[in-house]
Amino acid sequence: MNETFINISKIIERDSKSTTYKYALLRGTIDIIQDNSPFIEIKKNVVEIPLGLLIEKWMIYYYPILDSDVLIPQINGDNLKIAFQIKFLPIINYYNKFGGLSAFYNDIRIKGISKEVNEEFYELVKELKTNIVKNPMQYIGNSINKSYYSIYNYQNNSSLRKSEVQNSNWLINSCGTFTIPIEYFEAFKMLGSFISGTDNILFKWAEFSVKASGKKLNSEKIISEILKNPITEREVSNSKKLYKSILKETGEIICVWTGKKINNYDIDHVIPFSIWKNNDLWNLMPAQSTVNNKKRDKIPSVELITNQKEIIIHYWEIIHKVQEQRFLEEIQVTLLGNNPIKNWQNIAFNQHLNTSKYLIETRGYEQWKI
């Protein structure tokens, strides 16, 4: 493992610095692994990940950079435009009329990119797929191994075709997969946001843009753009309406953590919003206010979630009945992965349990018990 950490450090410091693609590739890989994506598959000595997940990360990373009110160079030399910039800008300009990055991200996650820019989005995905595979994936690790595709390997095991609905699931199913050695997966999983990992990548990314701008920009400005998140606020209004209708119909709501009947309740982000900016319906549950205040930003323990399995699945089934399409889209991306939708309850619950366990045991977040 020590050798792998050293190699990652060498990659960050020594590998090609002609563009920021290297940083985006490493950052995206680490973010997907830390998301504990259900699409990650361990196969003997390698780990396989959908390229579509990485493409989605790149779009979220580069949207605010390309949309910034100041030029933030992402490439060295006289031509300051990165390969996919021309194809991305029409989409950015369109979504800036309707909420910007957040609106763009919400469409990708659920209902699909607007028909107004569906064609442009398809072309952007094609461009990103080609650039990621032929540039950073090919060259990363070259400073260590003196060979191409020495760490990342692309598996062209699906066909990219236009669709009326182009969202996260379409990206995952249409863009093939890539593999990394299992020792790099374990290292990325452990790195988290430590200085030697993601934070260092972000600093180097900002440093690159400062140099490429002729030192006209400062690191603080660039990092503020790089770190922009498409989800900035808690969004529970949809869930509030849902549980309000249940209360009106049945006359009672059950607290997800105590199992007690309650009339007044909060909408609790089961995995706290401060830790995982996730407003998916499956992650929003009614909880007694006093209990929710004690929980705050802690992760429910594996034991507690296991004990409350029946209530959690009960609420999921209600949500599924009322908002089937959105619910299924959300759990497919964050909980089911490649598993079929049929009999989703236990598969989704087990992944939910694994994510909580991962956040407590690997990421070090504080667990909460009643």
Side-chain angles (χ1 to χ4, degrees), residues 30-38 40 188-194 197-199 229 231-240 242-244 246-247 252-320 327 330-331 333-337 344-370:
I30 290 171
D31 281 352
I32 292 166
I33 291 169
Q34 292 199 327
D35 286 345
N36 200 34
S37 171
I40 296 172
F188 288 148
K189 192 173 182 179
M190 290 176 64
L191 280 174
S193 56
F194 294 118
T198 309
D199 289 346
N229 194 299
I231 301 177
T232 57
E233 297 178 356
R234 300 169 188 265
E235 174 49 59
V236 298
S237 58
N238 209 297
S239 289
K240 278 185 176 179
L242 173 63
Y243 292 116
K244 188 176 180 180
I246 295 171
L247 181 62
E252 63 181 33
I253 290 286
I254 298 172
C255 172
V256 68
W257 302 125
T258 65
K260 295 178 180 178
K261 296 177 182 179
I262 49 176
N263 292 319
N264 297 313
Y265 53 90
D266 292 340
I267 302 298
D268 177 33
H269 281 77
V270 176
I271 298 177
F273 186 80
S274 60
I275 293 171
W276 191 22
K277 288 183 169 52
N278 180 302
N279 289 317
D280 287 359
L281 294 177
W282 66 263
N283 194 40
L284 300 172
M285 296 274 141
Q288 189 174 345
S289 299
T290 53
V291 173
N292 190 40
N293 286 334
K294 291 177 182 177
K295 173 179 175 281
R296 292 197 173 272
D297 295 334
K298 300 182 184 74
I299 306 290
S301 70
V302 170
E303 181 184 6
L304 178 57
I305 293 175
T306 302
N307 289 341
Q308 302 307 109
K309 177 179 179 179
E310 186 177 336
I311 296 175
I312 290 170
I313 291 180
H314 166 71
Y315 279 127
W316 283 357
E317 288 175 339
I318 291 174
I319 298 167
H320 172 254
F327 177 78
E330 289 175 344
I331 66 164
V333 172
T334 51
L335 296 178
L336 294 183
W344 53 265
Q345 289 91 337
N346 283 326
I347 298 169
F349 182 83
N350 288 336
Q351 178 63 19
H352 176 29
L353 202 64
N354 288 337
T355 297
S356 298
K357 184 178 180 181
Y358 162 71
L359 290 169
I360 294 166
E361 296 182 1
T362 303
R363 298 286 297 279
Y365 289 107
E366 185 180 356
Q367 71 174 339
W368 175 71
K369 299 179 180 179
I370 293 181

| remark: Exactly one candidate in N279, N292, D280 meets side chain to side chain donor-acceptor pair (under 3.5 Å) with H269; the answer is N279

| side chain to side chain contact (heavy atoms under 4.5 Å, CB included) evaluation trace for I319 with W282 | CA-CA 8 Å; I319 298 167; W282 66 263; 5.8 Å; no

| field | Residues that Y243 engages under ring pair (Phe, Tyr, Trp, His ring centres under 6.0 Å), provided they are two or more places apart | value | Y315

| task | Show your working on side chain to side chain contact (heavy atoms under 4.5 Å, CB included) between M285 and W316 and close with a plain yes or no. | result | CA-CA 9 Å; M285 296 274 141; W316 283 357; 3.3 Å; yes

| remark: With sequence neighbours left out, the residues meeting side-chain hydrogen bond (donor to acceptor under 3.5 Å, both in side chains) with E361 are none

| request: Side-chain contact test, heavy atoms from C-beta onward, threshold under 4.5 Å: evaluate it for L281 versus S239 and give yes or no. | output: yes

| remark: Between L242 and I318 the two heavy atoms that sit nearest each other are CD1-CG2, 4.4 Å

| Which atom pair, heavy atoms only, marks the closest approach of A287 to C255? | CA-SG, 3.8 Å

| field | Shortest non-hydrogen contact between P38 and G337, atoms and distance | value | CG-N, 3.4 Å

| Nearest-0.5 Å distance that lies between atom CD in E317 and atom CD1 in I312 | 12.5 Å

| Residues in salt bridge (Lys or Arg N to Asp or Glu O under 4.0 Å) with K261, at least two apart? | E252

| said: Holding to side chain to side chain contact (heavy atoms under 4.5 Å, CB included), I want the full list of residues that pass it with K277, two or more places apart in sequence or in another chain. | reply: N229, I231, F273

| Enclosure of N293 CG (heavy-atom neighbours >12, cutoff 6.0 Å) | yes

| Which residue pairs satisfy the side-chain hydrogen bond (donor to acceptor under 3.5 Å, both in side chains) criterion with at least one member in residues 347-358, sequence neighbours excluded? | N36-T355

| task | Determine whether W257 and Q308 make a side-chain contact, defined as any pair of heavy atoms from C-beta on separated by less than 4.5 Å. | result | yes

| Roughly how far, to the nearest 0.5 Å, is the CD1 atom of I313 from the CG atom of N346? | 5.5 Å

| Less than 4.5 Å apart, any side-chain heavy atom of V270 and any of V256? | no

| task | May I have all residue pairs that pass salt bridge (charged side-chain N to carboxylate O under 4.0 Å, His left out) and include part of residues 295-310, sequence neighbours excluded? | result | D268-K295

| said: Please report the interatomic distance NZ(K189) to CD1(I30), rounded to the nearest 0.5 Å. | reply: 14.0 Å

| query | Taking the six-membered ring for Trp, are F327 and H320 parallel (under 30°), tilted (30 to 60°) or perpendicular (over 60°)? | reply | perpendicular

| Could you state the interatomic distance from CG (N278) to CG (L284), rounded to the nearest 0.5 Å? | 7.5 Å

| Which distance, rounded to the nearest 0.5 Å, do you find between the CD1 of I311 and the CD1 of I305? | 13.0 Å

| task | Quick one: pull up CG in L335 and CD1 in I347 and give me the separation to the nearest 0.5 Å. | result | 10.5 Å

| query | If we only count heavy atoms from C-beta on, is the I299 to P272 side-chain gap below 4.5 Å? | reply | yes

| Closest approach of N238 to E235 (non-hydrogen atoms, all atoms of both residues) | N-OE2, 4.0 Å

| request: Quick one: do K240 and Y265 satisfy side chain to side chain contact (heavy atoms under 4.5 Å, CB included)? Show the steps, please. | output: CA-CA 10 Å; K240 278 185 176 179; Y265 53 90; over 6 Å; no

| task | Could you go through the side chain to side chain contact (heavy atoms under 4.5 Å, CB included) check for W368 and K294 one step at a time? | result | CA-CA 9 Å; W368 175 71; K294 291 177 182 177; 4.3 Å; yes

